[in-house]
Each structure stands twice: as structure tokens, then as C-alpha cells.
Amino acid sequence: MNPAGPDVKPYDALLVLSFGGPEKPEDVVPFLENVTRGRGIPRERLEQVGEHYFLFGGRSPINDQNRALIEALEKDLAEQGIDLPVYFGNRNWDPYLADTLAQMSADGVQRAAVFATSAYSSWSSCRQYRENLLDAVEQVEGAPRLDKLRQYYNHPGFIEPAVDACLAALAELPDGGDRARLVFVTHSIPTAMAETSGSEDPLGQPREAYVRQHRSAVDEVARRVREATGRAHRHDLVYCSRSGAPSTPWLEPDVNDHLEELATDGVSSVVLMPIGFVSDHMEVIYDLDTEAMATAERLGISAVRAATAGVDPRFVAMVRDLLLERAAAERGEAPERPAVGSMPAGPDVCGVGCCPNPRGPRPALCGRDS
Ligand SMILES: CC1=C(CCC(=O)O)c2cc3nc(cc4[nH]c(cc5[nH]c(cc1n2)c(C)c5CCC(=O)O)c(CCC(=O)O)c4C)C(CCC(=O)O)=C3C
Ligand SMILES: [Fe+2]
């Protein structure tokens with residue numbers, strides 16, 4: 001342990017904020033009720049998604065993956081001489097955010113940085129977490145002050161592991177990936193939510209941030225992959241896990257439909273890269289590894305799914321770097337803000353009206369309007 005580690009003032013803790021998932025069959029239905037309360041998701045869709053969880057014994061891998069990330073972070077921080085406790089709180093399952101904030105308050109934590117396991121802007125992937133933070137803070141007496149760390153879809157610590165994951169997946173394909181298509185996949189969201197993602201604030205990011213941020217990330221990863229292989233791999237951005245009512249438009253094309261299209265065009269080898277996700281949770285192990293892989297097999301396409309960031313040391317170091325960057329900014333310094341691709345580093349504080357809730361205005365923490 002290095003006793004003279006970097007300065008983390010004003011923070012005395014780090015909070016890892018995630019989605020949460022069921023851990024046993026009895027959890028599945030209550031978990032789905034938590035996720036979809038008031039969302040108008042058709043019953044049929046819920047039953048289907050419940051089956052995805054039951055297929056894996058009623059246990060989502062997401063909580064274990066977050067615990068592994070936290071363990072890796074604790075080790076990384078200690079190695080850097082940073083003495084900072086790391087807490088874990090979820091939106092939809094135990095450990096619930098409010099319980100974690102109560103524990104932090106009991107431990108005397110005054111001000112914490114918040115790392116959310118979602119790299120992009122949109123109501124689902126950013127502002128909803130900020131609403132959850134406000135709700136939880138309001139429930140907990142003496143809750144710490146919380147600063148959500150900036151979006152990291154264009155941070156080198158997120159992009160570099162994605163490039164290596166694509167290269168490793170290419171190498172696993174029968175032809176060594178010589179003519180493979182790179183198919184980047186992210187979570188679909190309603191097109192109305194995609195259009196209003198980001199901020200109108202001239203100091204923040206412009207609208208349609210969800211798709212533009214993804215384009216920036218996938219173009220950068222694909223560019224680096226081509227540079228490394230010296231081959232002209234084409235690439236696409238497609239979507240998975242569509243939910244909601246069939247009459248509501250969501251981002252398309254769906255990964256399965258896209259594979260059909262590719263097969264028609266004579267493509268016979270693809271890498272499926274889950275660029276929208278940071279670990280191998282249910283969307284990855286069911287929607288990609290189970291469903292999309294079956295589609296590829298039926299179509300005679302050789303497909304390999306590329307790894308998510310998980311506990312890649314560069315991703316873990318990125319969390320530490322984001323924390324140190326924000327700590328310096330809060331102390332009034334002007335830290336470097338690493339960003340790669342076509343978009344600049346995002347703001348520390350979300351802009352006014354950023355990523356509005358589709359069901360009407362709701363206050364949230366960590367924005368210029370809160
Ligand atoms: C953008 C986005 C991310 C990525 C950003 C982030 O990571 O936050 C994400 C992640 C996740 N989504 C997850 C699970 C679910 N999402 C659902 C429903 C929905 N997701 C949406 C969007 C997103 N979701 C939306 C617009 C809905 C419709 C309902 C609503 O408007 O809110 C439903 C309901 C059933 C259904 O699919 O219809 C479930 C069960 C899990 C846990 C996985 C596990 O257990 O391993 C994770 C990490
Ligand atoms: Fe979701």
C-alpha cells in the first residue's frame with residue numbers, strides 16, 4: 001500500500017450504482033414487478049422475460065458481477081494508496097440503494113462519488129438512476145451528498161477492452177475472422193426516449209445523445225480493430241431486448257432481424273459485440289448468447305460473442321480515474337478528461353432537462369436543474 005496516494009478529497013466513499021437482478025427463483029416475479037411498475041409492459045412480455053431468468057435457475061449474474069467489480073476496485077484503490085470504502089446499491093433489487101445510503105450514513109460517510117454501471121445517456125440509462133438517487137436520499141436521514149461520475153462510453157478504459165474483445169472474438173472465428181462483420185449490440189429504447197436523450201443546455205450535450213454516443217463508441221472501436229487487423233471489417237449498430245407495447249416504436253434493427261439481413265447479403269461470419277453493456281448480465285447471456293446465437297446458427301452464420309468490460313483492469317482503473325478526475329474538479333482544479341472518438345468528454349453535471357422521464361417531469365439529483 002502506498003501511503004502517499006492521490007488526493008480523493010472531498011470524497012470519503014465510492015458508491016457503485018446498478019440495476020440489480022434476482023438471485024433465486026422466488027425473486028424473479030417481485031424483481032420484474034419492481035422493474036416494470038407503472039410502465040405498461042404487456043403481461044406476455046413479462047412472462048417471456050421471466051422465462052429467460054428461469055432458464056438460468058432464477059438467478060441473474062448481474063449482482064455477482066457487480067460484487068466482482070467492487071472487489072477488483074477495492075484492490076485497485078488499495079494498490080494506489082487510496083483509502084476509500086466502496087458501497088453497492090441497486091435500483092431494482094437487494095442491496096437496495098436506500099438501504100446502502102442508510103449504511104453509509106451510519107458509517108459517517110459525508111460525500112460520495114457514484115459510479116453507475118451504464119455508460120450512455122438516456123432516461124433509462126442515466127436520468128432514471130439520478131431519480132433513484134433523489135428518492136433514496138429523501139428516504140434516508142443524514143444521507144451523504146452524492147456526485148454521479150460522468151458518462152464513460154468514450155473513455156479509453158471502456159474503449160480499449162472493447163477493441164481487444166473484438167480482436168479475440170475475430171481470432172476464434174473459423175476463418176480467423178478474415179471477412180467477419182462486426183455487429184455492435186446495445187439495449188433498444190423507445191425512439192421517443194432516444195430522441196430526447198441528452199440535454200438542450202448549451203453547456204451540456206445535444207439531443208439524440210443515446211444513439212450518437214453509441215455511434216461514436218462503435219466507430220472508434222471498429223476503426224481500432226481495422227487498424228490492428230489491417231482488414232476492412234464492416235460494422236453495424238443494432239439493438240436487443242426490445243420491450244414495451246408492440247405499438248410503441250423502439251430503436252431498430254433488432255439483432256435477430258439484422259442477422260437475417262446479413263445472411264441474405266451473403267455474410268457468413270460475425271462478431272457480436274455487446275457495446276451497450278458493461279458485464280455479462282441477462283441481456284447478454286440470454287438475448288445474445290442464447291437467442292441471437294441460435295438465430296445465427298439457424299442461418300448458417302458463424303458467430304462469436306465478444307466479451308464485455310467486466311473486471312478488465314483497464315475498466316477498473318477507469319473508475320478510479322473518473323473518481324480522481326471528479327475529485328480534482330470539485331477541488332477547483334482543471335483535471336485532464338480523457339475521451340476518444342468523435343465526442344468530447346461529457347459534463348460532470350447533467351444539463352437542464354437532460355434525458356426527461358417519458359411519464360412527465362420528475363426531479364433528480366446530480367443535474368444543473370436539481
Ligand atoms: C437502456 C437500458 C439498459 C442499459 C443501461 C443500464 O444498464 O441501466 C438496461 C439494462 C438492464 N435491463 C435489465 C432488465 C430489464 N429491463 C427491462 C425493461 C426495460 N429496459 C430498458 C432500458 C434499458 N435497460 C427499458 C426502456 C425498459 C422498459 C421499461 C422501462 O421503461 O423501464 C425489464 C422488464 C422486462 C422487459 O424486458 O420488458 C427487465 C427485466 C437489466 C438486468 C439484467 C439482469 O438481470 O442480469 C439491465 C442491466
Ligand atoms: Fe432493461
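In each ligand, atom 1 is the first atom listed, and ligand 1 is the first ligand listed. For the single chain, residues carry numbers from 1 onward in sequence order.
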Do any heavy atoms of Tyr53 fall under 4.0 Å from ligand 1?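 It does, in that a heavy atom of Tyr53 comes within the 4.0 Å cut-off of ligand 1.
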Going by the closest heavy atom to atom 24 (N) of ligand 1, which one wins out of Arg39, His187, His281?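 The option holding the nearest heavy atom is His187.
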Minimum non-hydrogen distance to atom 25 (C) of ligand 1, winning option of Pro42, Gly244, Ser124, Ser121: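 The option holding the nearest heavy atom is Ser124.
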Starting from [atom], which protein heavy atom do you reach first, and at what distance in Å?
atom: atom 38 (O) of ligand 1; result: Ser243 OG, 2.4 Å
atom: atom 42 (C) of ligand 1; result: Phe19 CD2, 3.4 Å
atom: atom 27 (C) of ligand 1; result: Trp250 CH2, 3.8 Å
atom: atom 12 (N) of ligand 1; result: Glu283 OE2, 3.1 Å
atom: atom 33 (C) of ligand 1; result: Val35 CG1, 3.5 Å
atom: atom 46 (O) of ligand 1; result: Ser60 OG, 2.6 Å
atom: atom 5 (C) of ligand 1; result: Ser118 OG, 3.3 Å
atom: atom 29 (C) of ligand 1; result: Ile41 CD1, 3.6 Å

Polar contact flag for [X] and ligand 1 (N/O pairs, less than 3.5 Å):
X: Tyr129; result: yes
X: Ile189; result: no
X: Arg91; result: no

Indicate the atoms forming the closest heavy-atom contact of [X] with [Y], along with that distance.
X: Cys354; Y: Arg127; value: O-NH1, 3.0 Å
X: His187; Y: Ser241; value: CE1-O, 3.5 Å
X: Arg111; Y: Asp147; value: NH2-OD2, 2.8 Å

Any side-chain donor paired with an acceptor under 3.5 Å for His235 and Asp219?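 Side-chain D/A pair, His235 to Asp219: present.
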Do Ser122 and Ser197 have a side chain donor and acceptor closer than 3.5 Å?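 The answer is no; no qualifying pair exists.
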Run the salt-bridge test on Asp27 and Arg59 with the 4.0 Å N-O cut-off and return the result as yes or no. no
Only N/O/S atoms count here: what is the atom of His187 closest to the Fe ion (ligand 2) called?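 Output for this pair reads NE2.
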Using distance only, find each side-chain donor-acceptor pair of residues 162-176 under 3.5 Å and give its atom names and separation, not counting sequence neighbours.
residue : atom : partner : partner atom : Å
Asp164  : OD2  : Arg314  : NH1          : 2.7
Asp164  : OD2  : Arg314  : NH2          : 3.0
Asp175  : OD1  : Gly177  : N            : 2.8

Taking the six-membered ring of Tyr129, is the NZ or CZ of Arg91 close enough (under 6.0 Å from the centre) and on axis enough (within 45°)?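 The answer is yes, since Arg91 meets both limits relative to Tyr129.
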